[in-house]
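Each chain gets a letter, A, B and so on, in the order the sequences are listed, and its residues count up from 1. Treat the numbers as computed from the prediction; the structure is a model and nothing was measured.
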Amino acid sequence: MSDVFLTVLLTLDATFRVSTPLIIAAMAGLFAERAGVVDIGLEGKMLAAAFAAASVSAVVGSPWAGLGVAMLVSCGLAMLHGFATITHRGDQVVSGIAINILVAGLSVILGLAWFHQGGLTPALDNDSRFLSITLPFVDQLAFIPVLGPLYKELISGHNILVYLAFAIVPIVWWVVYRTRFGLRLRAVGENPTAVDTAGLSVVKLRYKALLIGGVLCGIAGTYIAIAHNAQFTRDMTAGQGYIALAALIFGKWRPLTVMLACLLFGFLDALAVRLQGVALPGIGEIPVQVIEATPYLLTVILLAGFIGRATPPKASGIAYVKER
Amino acid sequence: MTMTDTFAIELIDIDKRFGAVHANNKVCLQVKQGNIHGIVGENGAGKSTLMSILYGFYQADAGQIKVLGQSHTFTDSHQAIAAGIGMVHQHFMLVENFTVLENVILGSEGGALLANGMAAARKELTRLADVYGLKVDLDATIDSLPVGLQQRVEILKALYKGAKILILDEPTGVLTPQETEELFRIFDALKQQGVTIMLITHKLREIISVTDQVSVMRAGQMVAHRDTCDTSREELAKLMVGRKVLLQVNKKAANVRAPLMKVKRLCVADDQGVMRLNDVSFELRAGEVLGVAGVSGNGQTQLLEALSGIINMTSGSVEVLGFTMDAKNPITPDKMRQIGLAHVPEDRHRMGLITHFSASESALLGYHTDPKINSGIWLNKNRVEDNCKALMSAFDVRPADPHLKSANFSGGNQQKLILAREMERNPDVLLIGQPTRGVDIGAIEFIHQRIIDMRDAGKAVLLVSVELDEIMSVSDRIIVLCDGQITGRIDASDADEKTLGMMMANALDPIDPLKTMDDQLASTQQASAQENQV
């Protein structure tokens, strides 16, 4: 009995760790899309941030320096996306894909040139990483049945970025729904002309939204490279930017539901690892590929009918041009 | 010029070019404080550009703007708002999934956090609603409100931002006659509080009935200023077009023959399962024009698209020219054309033509398989052009250049090209949606005459229009659509604006929202009138 309980706890624990970059990236996407800019480039920004964090941390030896530079690099790419799509009204999907391709190649080339390890960055020691934090009173509370292990295995023992991810969600909710900036952000994604005629700058608002997204992608990439792992490897984001976008649609562009969608996708991912090679009674061994494909299949199936219409922000994907 | 200080708005030599187009050519205008000032002109005369300059949306190339005696240069709308100018655009500038309150405070939220600003705004809006009789539920989302109320939100928005001068661009285009009357009553209340109103419209009847002064624009220039009491619709129409215009359609009595189309219990549901047409039945007979009246969005689009075979019906049947179509046996638009049914769609940019195609290409859309213009598997370019030239000369499309991009024709000429394409094939049944939307007065006269000619040649014409004047003057019989149902049938000779308006609002319905809105307003107006007496 307690074995099963522990397995469940460990799976959920893994869920949190896997969901963290999804949640942060999805929040980045939420800002961009709520402002009317489609951000396919989440993937590229995270990958660039991961590379920057791992490189800087390897050289300087401080994870915080890695995080700082990762955010700067990610913001730079966000501004590039903004320059192409907001200032020059380029196609948002094309610009985002271009960023993804650019980063996928550039990170490996720079890695080769700088570290001569086949595109990898040097493996990091613990001082250069974000390490797990053991919350206070873990041992004192361990004897309490159910809650004790729950606290020890599930709540405690994550690195700071995991806690940050879950703290960001309510903050995003508060910003989007309770502040002046949030009101304008939502308005500019729905009807930019209304924002313009109210005397506000559509361009500035959209740049601000992308900048916030840049910061968040920086954190997500940092987490992947130097908290969840200990070095940069080629294409290490492995499509998580796209999963974050799927979660964004799945959660209908609302912070809390988007977080739940990320957790669901993270859970499936954690489950995939846990079920590897395990024969289920009556079914037999489930191919890993099936489980890994589940988040995507689930998105398609559920969007097709079960969760009702997902209506994106109306102006999403459309460059703003003053009408004549 | 000692009276300068009494002008709410003074525009001096405003000049604006968009590339080769001289949209405003040394335009001067003076608007007296507390007056209702009309501005009329054809499409493309430069009215909207002028107002956009006044509102800071565009910058003038040259010229001076004075508001309440003070010189201003507006580089964005914020400055115009600060100077006391409010604008109600033709297409409402509202965020549809926001509440009324959120829409009103957008841009003047009163602090980085919403809570305080919202509470203050709620108080102020309640006050404004009382003073001007602009009742609306502040917590309703915009997409749940009828158009008339959405417009009130726009007016409230402007007043909340401190507007002393209110510009309204074609405010009555989407309203029922009753809603229009409401709006004019609001104008009176605003005027009494000293608000200056600038009304931009092409509806001359409204200009005559509500304005104090009127200015006329033609081809980017201001051509006349009149006191409304000294002018007439006929004179204004002549000033707008530059020649005398017939406002009435000349037609003789209809010679009605056998029905060519029988629509029986037609129902159409949209993607979301909402019934957009509900149990619609009528007959369309040879030799008549049947008008379909109604406020835009009440099923007219679905009616045209279902009858022309573009969308499938949910139930019911249509007999047309010897063929029967129902939910299980649809007839394709292509087949419809072959059996003699032509369709002029409501939205010429979305469905009527392809704007980046040349005129000759747009002129064969839907008829591109015609052997006359094909040689084997290739289109015969010369014959395609000849075809277009023939259509252009028959319908006086200008410029008569088959190579010109469709987008570069004026609205009226685009429409004439589409009408030519559909009418010159000599169809027996013609479906026409909004034939004169965005079309100049001169071209309207021409288009109406062509429709009457079709009728007199024994064809059946179904005319869908939101312009009541057009429906009343061109049609022989009228049906009225409201919420997808036929809510009125009347002979054109018996129809007047009031009756049609009641049918359009389905005013016989006891729980009609518009009617309760009217009642609410009437009672608040009485209350404020009593206060004024005290």
Taking everything shown except [X] itself, do over 12 heavy atoms lie less than 6.0 Å from its [atom1]?
X	atom1	value
Leu72(A)	CG	yes
Asp61(B)	CG	yes
His356(B)	NE2	no

Are [X] and [Y] side-chain neighbours, meaning at least one heavy-atom pair lies under 4.5 Å?
X	Y	result
Tyr177(A)	Leu114(B)	no
Met87(B)	Thr197(A)	no
Leu183(A)	Glu109(B)	yes

In Å, rounded to the nearest 0.5 Å, how long is the span from [atom1] of [X] to [atom2] of [Y]?
X	Y	atom1	atom2	answer
Arg184(A)	Ile105(B)	CZ	CD1	9.5 Å
Met118(B)	Arg178(A)	CE	CZ	8.0 Å
Ile142(B)	Glu190(A)	CD1	CD	12.0 Å

Worksheet item: At their closest point, which heavy atom of Ala194(A) faces which heavy atom of Leu94(B), and how far apart are they?
Response: CB-N, 4.1 Å
Worksheet entry | Shortest non-hydrogen contact from Asn191(A) toward Met93(B) |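 Shortest heavy-atom contact: ND2-C, 4.2 Å.
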Practice prompt. Identify which part of Tyr55(B) has an atom lying under 4.5 Å from any heavy atom of chain A, answering side chain, backbone, both or neither.
Written response: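 For Tyr55(B), the side chain is the part near chain A, not the backbone.
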Fill in: Region of Asn97(B) in contact with chain A, defined by heavy-atom distances below 4.5 Å
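Just its side chain gets close to chain A.
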Fill in: Neighbourhood of chain A inside residues 70-81 of chain B, taking heavy atoms under 4.5 Å as contact
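Heavy-atom contacts from residues 70-81 of chain B to chain A are Ser77(B), His78(B), Ile81(B).
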Worksheet item: Counting a contact as any heavy-atom pair under 4.5 Å apart, which residues of residues 153-171 of chain B contact chain A?
Response: Lys161(B)
